[in-house]
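So the structure is just underneath, and the comments pick up after that.
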Amino acid sequence: FIYAFLVAVFGWVLFRVEDVSAALNLMGRMLAPWRFTATTVHLYDLVAPQILWTLLPAVLGMGPLRLAADRAGLTERYRGSWAEVVYCTVLLLLCFAALAANTYNPFIYFRF
Amino acid sequence: MLIAVFLALICLPVPLWAFLGKGSSLETEKLENRKLAEKPAFLMDKIDSYPSDWEDYFKDHLPFRSLLIESYATLTRALFDRDINGNVIFGKDGWLFYSTKKDGNCVASYRGEDLFTQTELRQIAVDLRKTRDNLKKKGIEFVLLILPNKERMYSEYMPDRFGEPAEEYAALQLVQFLQAHTDLTVVYPYEELMAAKAEYPDITLYYKTDTHWNRIGSYIGTRAAAAAMGKELPSLSDVTVTQDPESYEGDLRRMAYLINSIPMDTAYNIEGLGLPAFTWTTDETGLVSYGVRSGSEGDVLFYKHDSYMENTMDYLYPLFGRTYGTFHQAYDQKMVDEARPDIFLLEIVERYLHRELLNGPVYGR
């Protein structure tokens, strides 16, 4: 997993950046961020609160929550239940809403 | 059961929308200030772009789009205190601010991160002097009016994460440079606005939910500009200010798609000015205007401006016999030659300084 993660993350840099020197520079920042602290970019400009809030379910969704639910018998109890239907419906509607929100492209002044 | 619900949610919205959704997409068009994508015709010579054109059309006409966007905007604000597309900052006490980087950069200006280089300052000074000199050859006076961003004027309502406004910022840097190194007429009514804000704490000078100043702020700014042009407007203490609560639709409120949860803004008006009547018209784009004071005698003004002009018109146009106004994007220096004004007023709000002043002389290129 760690190997795949590193290959994907550093491979993505090569895919995204236009020249080798910029890629090496970016990789250097990724590996030693403490050496590059002078910046006008503020953390909350790059990392929205939504991302931080997503980290918690992301970590839980990697296995610990499922293991705990299995041991407590919750998985079997709620499989196929109305609670599961409601839960999944709410998630699907949130996805619809997020997708719709991505199409919203307002302007201050009218664009013909 | 889960499968049945999933299929229903996937399949039913389109036929439901066909019955329930007529007219709703128009509301979204009004909110977004753009024309929504039209249904593309299937033509062989446009087959390459047909899939993307169809996708654009479908995205703009999603079933229940308005409801979905508003729900998501409301939820995002409630949970994260953020808007859905990075254009709006939710400040304190219901104040909204503009955070886009695609229409100037108010946050960078606020933080002093978009300072001009010395080379840029010198070049701007050279270009503005050339503009002034070229206009002067035709007997036209040149006045530069720079207006402060709302974020600076009401920084106390900016969220704490943005800190205090920078003491050195592009607009001040530019004004000080021009005043120190040129003899240009530069008006920067920041002090006048701050003084009025302190003297009239119950009145706002900028809209809470809009990017612009209101009629009070614009009156103070226009009065400062008018004085530089040899015209006089009464002091705010000599006129009557009225207010109409919850009567103004702010553009930031619309951009955040929270028109049903954020109340409308207070609109102010000024009475007792005693200014002469005037009429004005615009071209079909709405970007070029022409104002005539009754009698049409008097100086002619050419006014190159951005949207901050909207609330200045009632105070500025009556001071001149005729006024030719144009938004920056519609400007052509031939307009000046045709108008033959006495005064050329160039108005630029702080966030557009880089965009408008780094392109060479405004007149006489």
Side-chain angles (χ1 to χ4, degrees), chain A residues 16 36-61 65-66 69-70 74-112, chain B residues 1-2 4-6 8-10 13 28 31-35 56 58-60 62-73 75-76 79-82 84-87 98-103 107-108 111 113 161-163 210-212 251-252 254-257 285-287 306-307 327 329:
Chain A
R16 179 66 178 84
F36 302 92
T37 55
T39 177
T40 58
V41 178
H42 299 252
L43 183 64
Y44 57 78
D45 283 347
L46 295 175
V47 182
Q50 294 93 313
I51 296 175
L52 297 175
W53 278 91
T54 307
L55 280 177
L56 179 62
V59 169
L60 293 175
L65 191 64
R66 177 62 186 265
D70 284 347
L74 295 174
T75 310
E76 283 307 313
R77 191 190 307 171
Y78 288 105
R79 178 171 292 152
S81 69
W82 276 107
E84 186 186 29
V85 171
V86 170
Y87 172 70
C88 291
T89 301
V90 168
L91 284 184
L92 187 58
L93 289 173
L94 281 175
C95 290
F96 286 167
L99 285 171
N102 269 344
T103 71
Y104 183 56
N105 186 21
F107 294 92
I108 283 277
Y109 316 114
F110 197 89
R111 300 286 176 102
F112 295 94
Chain B
M1 172 55 63
L2 196 57
V5 170
F6 176 76
L9 285 173
I10 293 292
T28 309
L31 289 180
E32 289 183 84
N33 257 352
R34 65 179 176 91
K35 284 189 71 66
D56 291 340
F58 186 71
K59 284 195 293 190
D60 277 354
L62 278 174
F64 303 100
R65 182 170 181 259
S66 298
L67 178 62
L68 289 170
I69 294 173
E70 188 171 0
S71 303
Y72 194 73
L75 196 63
T76 305
L79 290 178
F80 308 114
D81 199 27
R82 293 289 189 274
I84 56 175
N85 49 31
N87 287 323
Y98 197 27
S99 60
T100 185
K101 296 181 177 67
K102 294 184 283 190
D103 185 29
V107 173
R111 292 186 188 137
E113 291 170 355
R161 65 181 186 271
F162 291 93
D210 195 276
T211 51
H212 301 88
D251 52 17
L252 292 171
R254 170 177 51 77
M255 291 186 89
Y257 216 106
T285 65
L287 298 175
D306 48 49
S307 56
F327 277 81
Q329 59 265 41

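A, B, ... follow the sequence lines: proteins, then strands. Residue 1 opens every chain.
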Legend entry - From A/E76 atom CD to A/D70 atom CG, the distance as rounded to the nearest 0.5 Å: 8.0 Å

Inset, instruction - Please round to the nearest 0.5 Å and tell me the distance separating atom CD1 of B/I84 and atom OG1 of B/T76. - result: 6.5 Å

Inset, instruction - For side chain to side chain contact (heavy atoms under 4.5 Å, CB included), just list the numbers for A/T103 and B/L62, CA-CA rounded to whole Å, side-chain angles, deciding distance to a tenth of an Å, and then say yes or no. - result: CA-CA 9 Å; A/T103 71; B/L62 278 174; 4.2 Å; yes

Legend entry - chain A contacts, top residue of B/M255, B/K59, B/E70 (heavy-atom pairs, under 4.5 Å): B/M255

Inset, instruction - Taking heavy atoms only and a threshold strictly under 4.5 Å, list by residue number the residues of residues 79-87 of chain A that touch chain B; give 'none' if the list is empty. - result: A/W82, A/E84, A/V85

Inset, instruction - Measure distances from B/L75 to the heavy atoms of chain A and classify the residue's part below 4.5 Å as side chain, backbone, both or neither. - result: side chain

Legend entry - Nearest non-hydrogen partners of B/Y72 and A/A101, listed with the distance: CD2-CB, 3.3 Å

Inset, instruction - Can you see which heavy atom on B/L9 is nearest to which on A/L92, and at what distance? - result: CD1-CD2, 3.6 Å

Inset, instruction - Applying ring-ring contact (aromatic ring centres under 6.0 Å, His included), name anything that partners A/F96, two or more places apart in sequence or on another chain. - result: none

Inset, instruction - Apply the test side chain to side chain contact (heavy atoms under 4.5 Å, CB included) to residues B/Y98 and B/D103: give CA-CA distance (whole Å), side-chain angles for both, the deciding distance (0.1 Å), then the verdict. - result: CA-CA 9 Å; B/Y98 197 27; B/D103 185 29; 2.9 Å; yes

